[in-house]
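Every chain is numbered from 1 and lettered A, B, ... according to where its sequence line falls, protein lines coming before strand lines. Model, not experiment: these values are computed from the prediction.
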Amino acid sequence: MPDPNNPDPSSDSFFERVWAVVAEIPPGRVTTYGDIAAYLGRRGAARTVGWALNEAVGTDLPCHRVVNRYGALTGRRHFETPHVMEERLRSEGVTFADEGHVDLEQHRWVPEDEL
DNA sequence: ATCTTGACCTCTA
DNA sequence: CTAGAGGCCAAGA
């Protein structure tokens with residue numbers, strides 16, 4: 001709540017929007033930073049998405065469902081405990097094409113049904 | 001106030 | 001195919 005008097009929800013910080021989108025990611029699905037950024041209107045703002053998730057570490061946000069363009073599990077959470085993300089995704093039914101690479105062809109999800 | 005860094009992506013050569 | 005450069009938003013020094 002950057003500004004409670006702000007009547008325009010679109011004026012919310014990029015972070016909050018990213019969190020909202022990530023929070024709406026259905027289980028067993030994965031999305032990419034670029035898709036989220038593009039969905040929010042910023043094509044090259046994928047970095048900011050990562051920052052948002054960086055601040056989201058320790059929250060209820062399923063950051064493990066967000067992967068990069070190659071389907072590689074990146075992130076601070078993965079850097080500290082790589083097994084958590086992989087196990088979590090596998091537990092949700094996500095298949096891995098390779099070691100540390102999610103099968104985007106089968107589980108790729110983009111924010112469009114939520115609106 | 002500026003400069004650098006950071007879970008990235010896309011374009012062009 | 002690979003390599004390089006640009007861009008985006010935010011936080012920290």
How long is the line joining [atom1] of [X] and [atom2] of [N], in whole Å?
X	N	atom1	atom2	value
Phe14(A)	dC8(B)	CZ	C1'	12 Å
Tyr33(A)	dC9(C)	OH	C1'	15 Å
Tyr70(A)	dT10(B)	OH	C1'	10 Å
Ile36(A)	dA7(B)	CD1	P	16 Å
Phe79(A)	dC8(B)	CZ	C1'	17 Å
Leu61(A)	dA7(B)	CG	P	18 Å
Arg88(A)	dA7(B)	CZ	C1'	16 Å
Asp35(A)	dT10(B)	CG	P	8 Å

Donor-acceptor pair under 3.5 Å, Arg42(A) side chain vs dC8(C) base: no

Spacing of the C1' atoms in dG4(C) and dA7(B) (rounded, Å):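 Here dA7(B) and dG4(C) have their C1' atoms 22 Å from each other.
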
Shortest non-hydrogen contact from Tyr33(A) toward Thr74(A): OH-OG1, 3.4 Å

Side chain to side chain, Leu104(A) and Arg69(A), heavy atoms closer than 4.5 Å: no

Intermediate values then yes/no, side-chain contact (heavy atoms from CB on, under 4.5 Å), Arg17(A) and Tyr39(A): CA-CA 10 Å; Arg17(A) 284 206 233 174; Tyr39(A) 170 70; over 6 Å; no

Straight-line distance of Cys63(A) SG to Met85(A) CE, nearest 0.5 Å: 5.5 Å

Spacing of CG belonging to Leu61(A) relative to CZ belonging to Arg77(A), to within rounding of 0.5 Å: 13.0 Å

Where the side chain of [X] is defined as all heavy atoms beyond and including C-beta, which of [options] is the nearest nucleotide?
X	options	result
Arg69(A)	dA7(B), dG7(C), dT10(B)	dT10(B)
Ala46(A)	dA7(B), dC8(C), dC9(B)	dC9(B)
Ala45(A)	dA7(B), dC9(B), dC8(C)	dC8(C)

Sugar-phosphate, base or nothing in reach of Val57(A), heavy atoms under 4.0 Å: base

Sugar-phosphate, base or nothing in reach of Asn54(A), heavy atoms under 4.0 Å: base

Of Phe15(A) and Arg43(A), the one whose closest DNA chain C nucleotide lies more 5':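 By nearest-heavy-atom nucleotide position, the 5'-most residue is Arg43(A).
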
